[in-house]
Chemist: 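Attaching a single structure in structure tokens format; questions to follow.
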Amino acid sequence: MSALSVFDIAGRAMSAQLVRLNTTASNLANAGSVAGSEAAAYRPLKPVFATRYDGGLATVDVERIASGTAPPERRHDPAHPLADANGDVWVANVDVNQEIVEMTETARQYANNVEVMATAKTLILDTLRMGK
């Protein structure tokens, strides 16, 4: 018999979505940020989820948070205070539109899990009332 309840499953899913929303917020906050070298430039973060099975039920864990592999954009701006010897700066490669879509999807997934918990609560209360 599984130790997971519908509340545990939905709660873990909500926690995973919160991590996803935090990485999206970090990416949006760093969109357009500039660094003096390619190595120091911000790279977008993405959570990696893993399914965890417990008996016949499954839930999700955040396995790790990965950095993006897309290289930052090199921009020639010799007047910038962070420019290197060649006059180049490195701009974070964050796709703002993609991050907004990610944020919207995350909010919907979170709301779906809230709805699951509310429905489960209603069903439990209705079941208890049947005994009266």
Side-chain angles (χ1 to χ4, degrees):
M1 177 146 197
S2 173
L4 291 175
S5 71
V6 68
F7 295 105
D8 293 330
I9 295 168
R12 292 178 65 86
M14 291 168 67
S15 294
Q17 295 303 325
L18 187 59
V19 170
R20 186 177 175 194
L21 186 60
N22 283 334
T23 58
T24 301
S26 178
N27 293 340
L28 286 172
N30 284 288
S33 65
V34 176
S37 69
E38 184 176 4
Y42 179 81
R43 300 197 193 285
L45 303 174
K46 295 289 177 198
V48 177
F49 299 116
T51 303
R52 190 183 82 171
Y53 295 98
D54 186 8
L57 301 175
T59 186
V60 66
D61 284 330
V62 177
E63 189 173 279
R64 62 187 169 92
I65 296 175
S67 291
T69 57
E73 175 188 343
R74 183 192 318 193
R75 186 178 299 160
H76 188 69
D77 187 2
H80 197 283
L82 293 177
D84 62 10
N86 297 327
D88 295 332
V89 292
W90 303 86
V91 181
N93 189 1
V94 175
D95 183 348
V96 173
N97 293 327
Q98 180 181 354
E99 296 299 329
I100 299 247
V101 168
E102 185 88 8
M103 182 176 61
T104 302
E105 184 180 317
T106 302
R108 289 184 180 160
Q109 295 287 335
Y110 193 91
N112 288 342
N113 283 294
V114 169
E115 188 66 29
V116 165
M117 293 177 87
T119 301
K121 177 184 168 190
T122 301
L123 290 173
I124 290 169
L125 291 173
D126 288 347
T127 302
L128 292 173
R129 284 190 202 110
M130 287 175 61
K132 289 185 177 181

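What you see below is based on every heavy atom in this structure, not just the backbone, and it leaves out hydrogens, waters and symmetry mates.
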Chemist: Go through the steps for Thr51 and Phe49 under the test side-chain contact (heavy atoms from CB on, under 4.5 Å), then give the verdict.
Modeler: CA-CA 7 Å; Thr51 303; Phe49 299 116; over 6 Å; no

Chemist: Mind checking whether Val116 and Ile124 sit in one hydrophobic cluster, side chains of I, L, V, M, F, W, Y counted as touching below 4.5 Å?
Modeler: yes

Chemist: Step by step, work out the side-chain contact (heavy atoms from CB on, under 4.5 Å) result for Arg75 and His80.
Modeler: CA-CA 10 Å; Arg75 186 178 299 160; His80 197 283; over 6 Å; no

Chemist: Could you tell me which non-hydrogen atom of Met117 sits nearest to which non-hydrogen atom of Ala10, and how far apart they are?
Modeler: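 What the structure gives for the nearest pair is CG-CB, 3.5 Å.
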
Chemist: Heavy atoms only: give me the nearest Pro72-Glu38 pair and the separation to one decimal.
Modeler: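 So the minimum-distance heavy-atom pair works out to CG-CG, 3.8 Å.
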
Chemist: What distance separates Gln98 CD from Glu102 CD, expressed to the nearest 0.5 Å?
Modeler: 7.0 Å

Chemist: Looking at every heavy atom in both Arg74 and Trp90, which two are closest together, and how far apart are they?
Modeler: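 Of all heavy-atom pairs spanning Arg74 and Trp90, the closest is NE-CH2, 3.3 Å.
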
Chemist: Out of curiosity, does Leu21 fall in the hydrophobic cluster containing Val48 (side-chain heavy atoms, cut-off under 4.5 Å, transitive links)?
Modeler: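 Result: no, two separate clusters.
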
Chemist: Please tell me whether Tyr110 and Val19 are part of a single hydrophobic cluster in this structure, the criterion being side-chain heavy atoms less than 4.5 Å apart.
Modeler: no

Chemist: Which heavy atom of Ala120 sits nearest to which heavy atom of Val6, and what is that distance?
Modeler: CB-CG1, 3.6 Å

Chemist: Can you find a heavy atom in the side chain of Thr59 that is under 4.5 Å from one in the side chain of Asp8?
Modeler: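 No, too far: nothing below the 4.5 Å cut-off.
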
Chemist: To the nearest 0.5 Å, what is the distance between OG1 on Thr106 and CD on Glu99?
Modeler: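 With rounding to 0.5 Å, OG1 (Thr106) is 9.5 Å from CD (Glu99).
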
Chemist: What distance separates Thr24 OG1 from Asn22 CG, expressed to the nearest 0.5 Å?
Modeler: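 CG of Asn22 is found 8.5 Å from OG1 of Thr24.
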
Chemist: Main chain of Asp84, side chain of Asp88: is a donor-acceptor contact present, judged purely on distance under 3.5 Å?
Modeler: no

Chemist: Nearest 0.5 Å, what's the CE-CD distance between Met14 and Gln17?
Modeler: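 Spacing of CE (Met14) from CD (Gln17) equals 10.0 Å.
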
Chemist: I'd like to check the salt bridge (charged side-chain N to carboxylate O under 4.0 Å, His left out) partners of Arg64; sequence neighbours left out, ordered by chain and number.
Modeler: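 Counting only residues at least two positions away or on another chain, Arg64 forms no salt bridge (charged side-chain N to carboxylate O under 4.0 Å, His left out).
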
Chemist: Whether the side chain of Asn27 engages the backbone of Leu45 through a donor-acceptor N/O pair (distance < 3.5 Å, no angle test) should be reported.
Modeler: yes

Chemist: Report the residue from Ser33, Ser26, Ser67 that forms a side chain to side chain donor-acceptor pair (under 3.5 Å) with Tyr42.
Modeler: Ser26

Chemist: Measuring from Leu18:CG to Asn113:CG, what's the distance to the nearest 0.5 Å?
Modeler: 12.0 Å

Chemist: If you look at every heavy atom in Ala16 and Val62, which pair is closest and at what distance?
Modeler: CA-CG2, 4.0 Å

Chemist: Just how far is it from atom OG1 of Thr69 to atom NZ of Lys46, taken to the nearest 0.5 Å?
Modeler: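 Rounded to the nearest 0.5 Å, the OG1-NZ separation comes to 11.5 Å.
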
Chemist: If you look at every heavy atom in Asn93 and Pro71, which pair is closest and at what distance?
Modeler: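 Looking at all heavy atoms of both residues, the shortest contact is ND2-O, 3.2 Å.
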
Chemist: Find out if a path of hydrophobic residues (ILVMFWY) with successive side-chain heavy-atom gaps under 4.5 Å connects Met103 to Ile65.
Modeler: no

Chemist: Give a yes or no on this: more than 12 heavy atoms of other residues, nucleotides or ligands lie within 6.0 Å of atom CZ of Arg52.
Modeler: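 Yes, enclosed.
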
